[in-house]
Amino acid sequence: MINDKKVLFSGMQATGNLTLGNYLGALKNWITLSDEYECFYSVVDMHSITVRQDPATLRKRARNLLTLYISAGLDPEKNCIYYQSHVSGHAELAWILNCFTYMGELNRMTQFKDKAAKHADNINAGLFTYPVLMAADILLYQTDVVPVGIDQMQHLELTRNIAERFNNIYGDVFTVPEAYIGKVGAKIMSLQDPTKKMSKSDENPNGSIYLMDDADTVMRKCKRAVTDSEGCIRYTDEQPGLKNLINIYCACSGKTADEAVKEFEGQGYGVFKEAVGESVNAILQPLQAKMKELEKEKGYIDKIIKENAEKAQYYANKTLRKVQKKVGFPERPRI
Ligand code: ATP
Ligand code: LTN
């Protein structure tokens, strides 16, 4: 608990342009939960270098992502929005937790298998131990709840196992966190291949709606989305493309699937796709306007970055010192 509130932690990688999947699966829930919890929202730039990055591009994307968190509605005065690389505790705890994680556990991680297949020329140890750094992110702040898309569930389970293993040896050191997966939007699929998740690193830009896509591009992508030849609006696994569009529509408009199906009963896919495009634009347009405004406020963003890094470091150190003592490191003299 911090300030009598439970703690929430989440993060995103600065590996590309954020998609609607990132927004509906994660960011949107961050905003809903932010009043109830003491929140830490990190730009996890240390995770990003598990695949090769151009340094200047990474720096720019990280700054964009941090600004986007604020543009999407997270108040940086109330929520701790910061760069992971600014708080040394993440790497320090990750090392310790590495020694409490088994190779076999990491070998089972599907994200590792996917990324290793995709980057076969660079299967580095960081890619393999990526979930341990993620566990360190979460456990460092004694986190109660972690809002993520469903694809991160396996990493959350591993985090809980590591925390429980450590607690069983050393006593109650870590809070064991729960995942928070939203009801709608937990997994948004590609518009071009509804069997694949919408991903910011997809090579086909038509499969993803990017948060910075202009209104016409959003509409065009929605109209071109792959559906089927049934021609009838139903919410079923047999029509995965349509189901995905209904999920997007519901997550953006706040309606239920039943309501959406009733609303478009007897109408063609064209009319429905247009409504999907409009519902997405109603969310993206204000976000883009705020982003443009904030990009000009350089001094303000710099101040947020500094103050929040200090706040995060303070809480991180509390846990870290406790852990270091438990595992038997000598007490640090003040340097
Ligand atoms: P990459 O393509 O680089 O692997 P990504 O698009 O999967 O990236 P991450 O940075 O790994 O994005 O994820 C950020 C957050 O967005 C996580 O909480 C993740 O669960 C969520 N998320 C990512 N893609 C989707 C999706 N298609 N639907 C719902 N949530 C998603
Ligand atoms: N692995 C996550 C990003 C991430 C994260 C975290 C999410 C890194 N550390 C801690 C929640 C909590 C992903 O979305 N790919």
Side-chain angles (χ1 to χ4, degrees), residues 10-31 44 47-48 51 61 64-65 68-69 71-72 110-111 113-115 117-119 147-155 179-228 235-237 239-255 257 260 269 272-285 287-288 291:
S10 202
M12 282 193 203
Q13 298 193 68
T15 39
N17 299 319
L18 283 213
T19 70
L20 190 66
N22 300 126
Y23 180 84
L24 297 178
L27 199 49
K28 187 166 176 271
N29 296 325
W30 296 7
I31 295 155
V44 292
H47 279 101
S48 306
V51 302
R61 281 186 175 154
N64 267 337
L65 184 54
L68 191 89
Y69 285 0
S71 306
T110 54
Q111 184 174 302
K113 290 185 210 166
D114 292 349
K115 298 250 157 156
K118 219 165 162 184
H119 304 276
V148 279
I150 209 156
D151 61 304
Q152 293 301 311
M153 200 57 199
Q154 202 184 23
H155 289 163
Y180 177 99
I181 313 270
K183 279 187 212 73
V184 275
K187 194 166 187 187
I188 301 296
M189 311 311 277
S190 157
L191 298 182
Q192 290 300 310
D193 178 358
T195 61
K196 258 180 32 191
K197 83 162 187 161
M198 186 181 283
S199 165
K200 53 177 138 70
S201 49
D202 192 344
E203 302 95 55
N204 181 355
N206 290 323
S208 304
I209 294 178
Y210 300 102
L211 298 186
M212 290 301 135
D213 277 348
D214 63 42
D216 290 347
T217 308
V218 169
M219 196 50 95
R220 182 175 47 78
K221 286 181 177 175
C222 288
K223 284 188 178 160
R224 278 201 200 161
V226 170
T227 41
D228 52 73
Y235 187 71
T236 137
D237 288 338
Q239 290 165 265
L242 189 65
K243 186 175 178 184
N244 187 39
L245 287 176
I246 296 177
N247 283 337
I248 293 176
Y249 181 67
C250 292
C252 290
S253 65
K255 293 179 186 162
Y269 290 171
F272 175 58
K273 284 177 168 177
E274 198 155 329
V276 176
E278 276 163 16
S279 74
V280 173
N281 278 331
I283 293 209
L284 298 194
Q285 293 293 303
L287 187 145
Q288 292 176 9
M291 187 78 185

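Hydrogens, waters and symmetry mates play no part in the numbers below; they use all other heavy atoms, side chains included.
Annotation: side chain of Q152 is in contact with side chain of Q111 (closest heavy-atom distance under 4.5 Å). Here the side chains of L287 and M212 are in contact, with some heavy-atom distance below 4.5 Å. When side chains are defined from C-beta on, Y180 does not count as touching V148, because their heavy atoms never get closer than 4.5 Å. Put simply, the side chain of Y210 does not reach to within 4.5 Å of the side chain of V218, judged on heavy atoms. Within the 4.5 Å cutoff, the side chain of K273 has no heavy atoms near those of the M219 side chain. The closest side-chain heavy-atom distance from L68 to N64 is not below 4.5 Å. Two residues are said to be in side-chain contact when any heavy atoms from C-beta on lie closer than 4.5 Å; K118 and S201 meet this criterion. Looking at Q192 and K221, their side chains never come closer than 4.5 Å, going by heavy atoms from C-beta outward.
Residues passing the salt bridge (charged side-chain N to carboxylate O under 4.0 Å, His left out) test with K187, sequence neighbours excluded: none. For K200, the salt bridge (charged side-chain N to carboxylate O under 4.0 Å, His left out) test picks out no residue, with sequence neighbours left out. In this structure C252 satisfies the side chain to side chain contact (heavy atoms under 4.5 Å, CB included) test together with L24, I248, S279, V280, I283, sequence neighbours excluded. Residues passing the salt bridge (charged side-chain N to carboxylate O under 4.0 Å, His left out) test with K196, sequence neighbours excluded: D202. Applying the salt bridge (charged side-chain N to carboxylate O under 4.0 Å, His left out) rule to E274 yields the partners K223; only residues at least two apart in sequence or on another chain are considered.
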Quiz item: Passes side chain to side chain contact (heavy atoms under 4.5 Å, CB included), M12 versus V44? Steps please.
Solution: CA-CA 6 Å; M12 282 193 203; V44 292; 5.5 Å; no

Quiz prompt | side chain to side chain contact (heavy atoms under 4.5 Å, CB included) between K197 and D151, worked out | solution = CA-CA 9 Å; K197 83 162 187 161; D151 61 304; 3.1 Å; yes

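A donor-acceptor pair under 3.5 Å is absent between the side-chain atoms of T217 and the main chain of D213, judged by distance alone. Under a 3.5 Å cut-off, the side chain of S208 and the backbone N or O of S199 do form a donor-acceptor pair. R61 contributes a side-chain N or O that, together with a main-chain N or O of T15, makes up a donor-acceptor pair within less than 3.5 Å. Listed for the N29 side chain is no donor-acceptor partner under 3.5 Å among the backbone atoms of P147.
Side-chain polar atoms of D193 and S190 form no donor-acceptor pair below 3.5 angstrom. Side chains of T227 and Q239: a donor-acceptor N/O pair is absent below 3.5 angstrom, by distance only.
Once rounded to the nearest 0.5 Å, the distance linking CG of L18 with CG of L65 reads 5.0 Å. Once rounded to the nearest 0.5 Å, the distance linking CG of D228 with NZ of K243 reads 13.5 Å.
Within the structure, side chain to side chain donor-acceptor pair (under 3.5 Å) contacts touching residues 16-28 (residues at least two apart or in different chains) are T19-N22.
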